[in-house]
Amino acid sequence: MEDVVERTPGSFVEMKQINVVWHYRNCNPDYASFQARELLDELHSIANKYPMEILVGKKMIEVKPIETSKAKIVQKIIEKHSDADFCICIGDDKTDEDMFASLAASTLDQNVIFTCKVMSDAKEPTQAKSRVESFTDVLDVLNELSYSRQLALPRFPVKPANVRPLRR
């Protein structure tokens, strides 16, 4: 990935605890798309030698161990906090969908779970229960949820103004 960064101005590698992500959102779109295809080809050529998973998201390519996912992490958190009175999960990428699905299938009371996808395209499918259009809306939602909790209003559901429920 470092080689791709050198060839692609504006891109960068993010080293996380268990995964590595190449981001190219600040690059020339055509050239970055070409570099992304090249990187994917290279990663796929070595993927069978290592227990790794390759995820393609919004202007990013992520490599992580096969047995690791956001859904599994959510499951571990729920196991530790099965008595939670509120659970919020907000994401903006395809890589967040397994997390939303995991929460929907969890043993937590579904009335205390708030899942939300940040997405401008209302027709894009998602496992989240609701959506907002931008990260600015996320801040508004968090402010309203925080204010509601301070007033000790009913636990859930809180319906901030910018949240649009998804109809299935």
Side-chain angles (χ1 to χ4, degrees), residues 1-78 87-106 113-146 160-166 168:
M1 286 187 182
E2 292 295 340
D3 291 339
V4 179
V5 168
E6 288 180 25
R7 296 191 307 262
T8 314
S11 72
F12 63 96
V13 172
E14 178 183 11
M15 303 292 290
K16 297 184 177 183
Q17 280 189 312
I18 57 171
N19 56 351
V20 181
V21 184
W22 177 61
H23 296 274
Y24 56 97
R25 64 181 165 267
N26 299 323
C27 303
N28 174 294
D30 294 330
Y31 187 66
S33 293
F34 168 76
Q35 289 296 339
R37 285 189 301 277
E38 293 284 309
L39 178 59
L40 282 171
D41 288 346
E42 189 173 336
L43 290 170
H44 285 297
S45 74
I46 63 168
N48 61 346
K49 298 176 188 173
Y50 302 98
M52 66 183 207
E53 184 176 5
I54 302 162
L55 302 171
V56 179
K58 290 181 183 175
K59 305 216 185 240
M60 56 79 94
I61 296 173
E62 178 178 349
V63 178
K64 66 179 188 164
I66 282 179
E67 293 300 315
T68 305
S69 72
K70 291 179 181 180
K72 289 186 184 211
I73 292 168
V74 163
Q75 290 166 357
K76 287 186 184 290
I77 292 170
I78 290 171
C87 176
I88 185 169
C89 179
I90 300 173
D92 71 336
D93 206 332
K94 287 186 271 187
T95 61
D96 298 316
E97 291 299 326
D98 64 341
M99 188 171 49
F100 298 141
S102 178
L103 281 166
S106 76
I113 298 173
F114 178 81
T115 56
C116 186
K117 175 98 179 246
V118 181
M119 54 196 269
S120 56
D121 182 359
K123 294 178 183 170
E124 181 183 337
T126 182
Q127 297 291 317
K129 292 179 184 176
S130 56
R131 73 174 180 91
V132 292
E133 291 183 8
S134 71
F135 284 102
T136 304
D137 292 340
V138 170
L139 293 175
D140 292 343
V141 168
L142 293 173
N143 282 330
E144 287 192 43
L145 290 171
S146 173
N162 294 333
V163 173
R164 288 152 191 85
L166 295 174
R168 300 191 194 258

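We count residues from 1, following the sequence as given.
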Margin query: Using the rule given for side-chain hydrogen bond (donor to acceptor under 3.5 Å, both in side chains), can you reason through Thr126 versus Glu97, listing the C-alpha separation, both sets of side-chain angles and the distance that settles it, and then say yes or no?
Written below: CA-CA 7 Å; Thr126 182; Glu97 291 299 326; 2.8 Å; yes
Margin query: Run Lys117 and Glu124 through side-chain contact (heavy atoms from CB on, under 4.5 Å) and show every step you take.
Written below: CA-CA 10 Å; Lys117 175 98 179 246; Glu124 181 183 337; 3.2 Å; yes
Checklist line | Chi angles and distances behind the side-chain contact (heavy atoms from CB on, under 4.5 Å) call for Trp22, Thr8 | finding: CA-CA 11 Å; Trp22 177 61; Thr8 314; 4.1 Å; yes
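A distance of 11.0 Å separates SG in Cys87 from CZ in Phe114, rounded to the nearest 0.5 Å. For the atom pair Leu103 CG and Ile78 CD1, the distance stands at 4.5 Å (nearest 0.5 Å). Residue Ile54 holds its CD1 atom at 7.0 Å from CG of Leu40, rounded to the nearest 0.5 Å. A distance of 8.5 Å separates NE2 in His44 from CE in Met52, rounded to the nearest 0.5 Å. Between the CE atom in Met1 and the CE atom in Met15 there is a gap of 9.0 Å [rounded to 0.5 Å]. The distance from atom CZ of Arg131 to atom CD1 of Ile90, rounded to the nearest 0.5 Å, is 14.5 Å.
In this structure, Lys49 places its NZ atom where only 12 or fewer heavy-atom neighbours from other residues, nucleotides or ligands lie under 6.0 Å away. The 12-atom threshold is not exceeded at CD of Glu42, counting heavy atoms of other residues, nucleotides or ligands nearer than 6.0 Å.
Paired with Ile61 under the rule side chain to side chain contact (heavy atoms under 4.5 Å, CB included), one option of Leu43, Val21, Leu55 passes, and it is Leu43.
Side-chain contact between Val4 and Tyr24 is absent, with no heavy-atom pair separated by less than 4.5 Å. Using a 4.5 Å heavy-atom cutoff, the side chains of Ser106 and Ile113 are in contact. Considering only heavy atoms from C-beta on, Phe12 comes within 4.5 Å of Arg25 through its side chain.
Proximity of a side-chain donor or acceptor of Thr115 to a complementary backbone N or O of Lys129 within less than 3.5 Å is detected. Listed for the Asp96 side chain is a donor-acceptor partner under 3.5 Å among the backbone atoms of Asp93. Judged by distance alone, the side chain of Tyr31 and the main-chain N or O of Arg7 form a donor-acceptor pair under 3.5 Å. Using modelled atom types, one side-chain atom of Ser33 and one backbone atom of Pro29 make a donor-acceptor pair closer than 3.5 Å.
Here the closest heavy-atom approach between residue Val5 and residue Ser11 is recorded as CA-OG, 3.4 Å. Of all non-hydrogen atoms in Cys27 and Pro9, the two that sit nearest each other are SG-O, 3.2 Å.
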